[in-house]
2 protein chains.
Amino acid sequence: MTTADSSLEPGLPPIGQPLPSPQVGAMLEGLTRLKVPKSSDVLADRLRREILSDAYPPGASLPTERELVSATGLSRGSVREALRMLEAQGLVSTRAGRYGGTTVSQPTDDHLANHISHYAKGRSVPLQSLVDVRLALEPMVAFLAAERRTEADLISLRAISARLDKSADSDPAVFLEENANWHDALAAASHNPLLGTLATSVGVLMFEASQLANFATAEVRQRVCRAHHRILEAIELGDAELARRRVERDVQAYALALEAAVTASNWARQAD
Amino acid sequence: MTTADSSLEPGLPPIGQPLPSPQVGAMLEGLTRLKVPKSSDVLADRLRREILSDAYPPGASLPTERELVSATGLSRGSVREALRMLEAQGLVSTRAGRYGGTTVSQPTDDHLANHISHYAKGRSVPLQSLVDVRLALEPMVAFLAAERRTEADLISLRAISARLDKSADSDPAVFLEENANWHDALAAASHNPLLGTLATSVGVLMFEASQLANFATAEVRQRVCRAHHRILEAIELGDAELARRRVERDVQAYALALEAAVTASNWARQAD
DNA sequence: GACAGGTCAATTGTTGGACCATAGAAAAAG
DNA sequence: CTTTTTCTATGGTCCAACAATTGACCTGTC
């Protein structure tokens with residue numbers, strides 16, 4: 001593509017002479033690290049392209065492993081490795097037994113949440129970055145929930161809110177769990193699975209961080225409950241802008257308390 | 001292994017009698033569909049837990065495939081399938097040759113972007129949902145960029161902005177490409193890779209949708225350039241709130257124009 | 001000493017074959 | 001018609017061997 005030696009172009013000179021030409025230096029120009037892809041990667045890429053090209057509707061069957069073997073000339077091991085990569089990405093699922101096989105599947109919310117979790121944990125994303133993202137997503141979730149919530153959403157939210165109130169006086173771990181459920185219900189009410197899954201994932205990551213730092217004091221729990229009541233009220237009213245503002249304040253307060261608890265926990269750890 | 005004939009066991013208690021015991025009904029209570037996980041999945045889960053537990057710093061070497069074989073009792077094929085799953089998730093990388101092997105690696109931004117793309121395409125996420133998410137993320141990106149941008153960020157943004165202006169009068173495809181670059185630079189200036197990657201991914205998905213519907217008319221291109229100038233001005237000033245509001249308006253206008261073009265394109269397709 | 005080239009060995013990459021486990025259909029039995 | 005059994009295509013697993021890769025090491029040459 002970026003070959004500097006123009007004599008290789010259309011003039012049909014003797015290509016590939018064994019003797020090094022005097023322009024060998026020029027030939028080295030633009031030569032990058034030669035990557036030799038693995039056969040399983042090549043097959044996985046091809047299959048992935050086909051699957052994502054909408055030619056394969058969800059539920060459609062891919063060829064059997066042995067058919068792929070004869071079609072590609074690869075060994076069954078390589079074919080299986082390719083299928084496993086696609087399976088790890090949630091693009092296919094396999095069933096054993098007769099009339100089983102590999103079928104196209106839609107990535108679930110869990111797949112996306114897991115991948116985000118792997119990214120955040122693998123990169124050790126700092127808490128502040130998670131706060132930034134949550135501060136962007138969660139108010140929008142509330143905004144859309146206020147606009148789009150159904151009666152069923154409201155019933156679910158009220159039930160979870162009641163459970164959250166009860167758990168405010170008990171075990172902090174239970175409270176944090178119910179708190180996560182509350183945010184899940186809110187995400188569902190937004191009727192945007194992508195947005196909801198992103199917000200939930202980031203929320204869970206912060207939730208895990210808050211389990212390490214035991215910051216859910218009784219006072220914090222009471223304040224969270226009051227804030228959630230105000231948010232639910234705005235959603236019941238259908239006032240999207242009000243819901244957005246109230247969630248924004250809630251998340252900011254939550255982040256502030258969490259950060260304080262983390263730094264305090266770090267002090268305590270230094271004291272060891 | 002699953003021989004029904006208990007006489008093969010050494011203890012000689014007649015377990016598994018062919019005759020159903022009178023309490024078989026009680027024994028069946030609480031028995032759900034028995035799932036038999038694949039050996040490669042089990043190994044992948046174990047390795048993933050270890051990797052994400054921060055016990056393995058990035059760059060650390062995992063045992064060799066043959067060591068894993070002797071340690072787990074599995075076959076090499078199963079071990080390799082497990083490693084391929086982790087590789088597809090960006091948690092490990094593998095090099096052939098002596099002193100090669102499998103090492104822990106941090107998932108890249110591309111990994112996360114690909115997974116989001118797979119989710120959105122695999123689920124056929126509607127354009128409106130993408131717009132919702134972008135409307136949540138991009139204003140926050142601008143907000144943080146205005147607060148945290150370095151001199152290098154500003155230089156990069158100014159250069160790309162100039163290129164974008166030039167391309168406004170030329171090929172719409174080139175313009176859309178430069179537009180994507182502009183948003184990439186903005187994401188980089190926010191100094192939050194997670195937020196930036198999420199925003200960029202959703203932006204690319206909308207970008208792909210806009211290539212199908214050719215909506216980038218000359219008028220739209222001019223308006224985008226003016227909007228970007230105003231946004232860059234706010235970021236240069238360091239006025240985060242102003243940058244946030246201006247991006248919010250820009251994204252809303254962009255989404256509106258895109259949606260109009262898509263519906264028009266659908267009309268044209270129906271006319272076929 | 002520096003450099004070019006060759007040798008070596010450990011590791012992943014790939015293949016082929018074999019057998020087991022699974023599960024749904026289809027046939028047989030009641 | 002219902003239940004049971006049989007059948008069989010499919011994925012799941014294992015083993016053994018060889019090829020390809022690649023960095024360290026050695027060796028000769030200048």
Side-chain angles (χ1 to χ4, degrees), chain A residues 18-20 24-25 28 32-47 59-88 91-105, chain B residues 1-5 8 18-20 24 28 31-47 59-88 91-105:
Chain A
L19 298 181
V24 65
L28 278 176
T32 172
R33 173 75 175 170
L34 186 56
K35 70 165 184 181
V36 182
K38 285 179 284 195
S39 60
S40 53
D41 283 326
V42 175
L43 176 55
D45 285 344
R46 267 180 48 177
L47 293 176
S61 285
L62 268 67
T64 68
E65 292 180 356
R66 289 171 173 89
E67 283 173 339
L68 286 173
V69 166
S70 62
T72 62
L74 301 181
S75 70
R76 196 166 160 223
S78 298
V79 168
R80 283 179 60 84
E81 286 183 13
L83 292 177
R84 279 310 163 67
M85 290 190 262
L86 298 180
E87 194 181 32
L91 294 175
V92 304
S93 62
T94 56
R95 284 182 345 213
R98 192 172 183 181
Y99 302 98
T102 307
T103 56
V104 175
S105 66
Chain B
M1 210 55 112
T2 55
T3 311
D5 187 351
L8 291 178
L19 298 182
V24 65
L28 280 176
L31 273 188
T32 171
R33 174 76 177 164
L34 187 56
K35 72 162 188 180
V36 182
K38 284 180 285 194
S39 59
S40 53
D41 283 327
V42 175
L43 176 55
D45 285 345
R46 268 180 47 177
L47 292 176
S61 285
L62 268 65
T64 68
E65 291 181 357
R66 284 169 171 90
E67 283 172 338
L68 286 174
V69 165
S70 61
T72 61
L74 301 181
S75 71
R76 196 168 157 224
S78 297
V79 168
R80 284 179 60 84
E81 287 183 13
L83 293 176
R84 280 308 163 68
M85 290 190 262
L86 298 179
E87 194 180 33
L91 294 175
V92 304
S93 63
T94 302
R95 283 180 338 190
R98 192 172 186 177
Y99 305 100
T102 307
T103 56
V104 176
S105 67

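Here is how names work: the chains are called A, B, and so on, in the same order as the sequence lines, proteins then strands, and each is numbered from 1.
Using a 4.5 Å heavy-atom threshold, the side chains of Glu81(A) and Arg84(A) count as separate. Between Thr72(B) and Val42(B), every side-chain heavy-atom pair lies at or beyond the 4.5 Å cut-off. Contact of the Thr94(A) side chain with the Lys38(B) side chain is registered, since non-hydrogen atoms from C-beta on lie closer than 4.5 Å. Inter-residue side-chain proximity for Asp41(B) and Met85(B) is flagged as met; some heavy-atom pair is nearer than 4.5 Å. Looking at heavy atoms from C-beta onward, Leu47(A) lies out of side-chain contact with Leu91(A) at the 4.5 angstrom threshold.
Summarising the geometry, the separation between CD on Glu65(B) and C1' on dC14(D) is reported as 15 Å, rounded to the nearest angstrom. To the nearest angstrom, C1' of dT15(C) lies 15 Å from CG of Leu43(A). Residue Leu68(A) contributes atom CG, which lies 13 Å from atom C1' of dT10(D) at whole-angstrom precision. For the pair Arg76(B) CZ and dA18(C) P, the computed distance is 21 Å after rounding to whole Å. In this structure, Arg95(A) atom CZ and dA25(C) atom C1' are separated by 13 Å, rounded to whole Å.
Across all their heavy atoms, Glu65(B) and Leu83(B) have their closest contact at CG-CD1, 3.8 Å.
For Ser39(B) and Arg98(A), each mapped to the nucleotide of DNA chain D holding its nearest heavy atom, the one lying further toward the 5' end belongs to Arg98(A). Comparing Gly100(A) and Val69(B) against DNA chain D, the residue whose closest nucleotide sits nearer the 5' end is Gly100(A). Nearer the 5' end of DNA chain C, as judged by each residue's closest nucleotide, is the contact made by Lys38(A), out of Lys38(A) and Val36(B).
The side chain of Thr64(B) places no N or O atom within less than 4.0 Å of a non-bridging phosphate oxygen (OP1 or OP2) of dA10(C). An OP1 or OP2 oxygen of dC15(D) is reached within less than 4.0 angstrom by no side-chain nitrogen or oxygen of Ser75(B).
Residue Arg66(A) has its side chain nearest to dG12(D) when only dG12(D), dT14(C), dG24(C) are considered. Of the candidates dT22(C), dG24(C), dT22(D), dG24(C) carries the atom nearest the Tyr99(A) side chain, counting heavy atoms from C-beta on.
Around CZ of Arg46(A), the count of heavy atoms belonging to other residues, nucleotides or ligands within 6.0 Å does not exceed 12.
Near-neighbour residues of DNA chain C inside residues 77-88 of chain B, defined by a heavy atom below 4.0 Å, number-ordered: Arg80(B), Arg84(B).
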